[in-house]
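In each ligand, atom 1 is the first atom listed, and ligand 1 is the first ligand listed.
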Amino acid sequence: MSPSSRQRRITPASGAYQRRSRMLLVLAPVAGFTLFAGAALWWFADDVGLHVPSWSTGAVVMDEPQLSVDTRNDLRIQLQLLQSQWQRLNALDALQGKGKARPAPAIALSLQPTAHISDADLRERVDILSRALDQRLFANKPKAGSGRLMPVNGVTPSSNFGLRLDPFSKKLSVHNGIDFVAPLGTPILAAEAGTVKTAGLTPQFGWSVELDHGNGITTRYAHAYRLWVRAGDRVNAGEKIAEVGSTGKSTGPHLHFEVRYNGAPLNPLRFLAAR
Ligand SMILES: [Zn+2]
């Protein structure tokens with residue numbers, strides 16, 4: 001950030017912010033982006049995400065947008081889930097005789113459910129513990145023949161895991177996965193071998209598939225146009241399980257991809273990087 005730029009604290013609901021998002025939607029096609037409106041919003045949302053504290057390209061600098069009550073609750077729930085998964089992993093290691101329980105980063109375990117904590121601290125703790133859990137789970141490459149693959153070929157996924165601007169409510173919210181923008185009907189592939197846990201239609205995820213990879217790890221593939229598997233099917237890594245669509249709570253054709261450890265959302269980019 002240049003020292004001359006005046007720092008202003010504004011909330012996502014403020015006029016300047018909304019003007020900027022509108023302007024982006026108008027400018028996107030002009031600038032040659034082929035993204036649809038929703039994707040443009042997500043792209044924009046990356047700029048106010050966890051790892052980009054300020055937006056310094058214009059006169060207005062984004063600095064620590066206030067979280068909505070819903071987002072705070074989501075983050076608290078996410079932190080508690082991550083904390084319990086860390087303890088569960090310790091218990092599992094103890095059962096398998098893998099030696100002493102590993103302490104989590106102290107700061108990430110120090111939250112009492114009733115304690116007051118600032119928005120920034122809450123986000124930091126979720127991020128620290130999520131990262132530590134990812135490293136613990138995915139530090140080792142999978143065994144030969146059980147590799148991981150990108151669920152959509154030839155598409156760079158977004159990096160909007162964590163906080164982002166919700167394309168529907170236009171408020172900061174927690175995004176539990178990453179998105180692959182691709183044309184309708186593009187094959188969705190199993191990221192790792194596993195068993196189909198669920199395959200069906202839900203209001204939020206539309207036509208979606210959940211794969212169970214064992215050891216508490218599951219992946220979800222949402223907003224599909226059409227499914228190619230049924231619950232109980234065994235699938236190999238890279239096998240076609242569905243086609244990209246825009247069913248459920250979606251603004252245009254894309255794959256919403258999640259990785260969870262016993263239900264706690266992990267950053268899919270780190271899961272996919274360990275392959
Ligand atoms: Zn998504």
- Task: Without swapping roles, check the side chain of Asn267 against the backbone of Leu269 for a donor-acceptor pair under 3.5 Å.
- Result: yes
- Which single N/O/S atom of Asp179 lies at minimum distance from the Zn ion (ligand 1)? OD1
- Query: If you check every N/O/S atom of His256, which is the one nearest the Zn ion (ligand 1)?
  - Reply: ND1
- For the Zn ion (ligand 1), the nearest N/O/S atom on His175 is atom NE2
- Backbone of Tyr225 reached by a side-chain donor or acceptor of Thr247 within 3.5 Å: no
- Is a side-chain N or O of Tyr221 found less than 3.5 angstrom from the main chain of Ala191, in a donor-acceptor match? yes
- Are the side chain of His254 and the backbone N or O of Val244 linked by a donor-acceptor pair below 3.5 Å? no
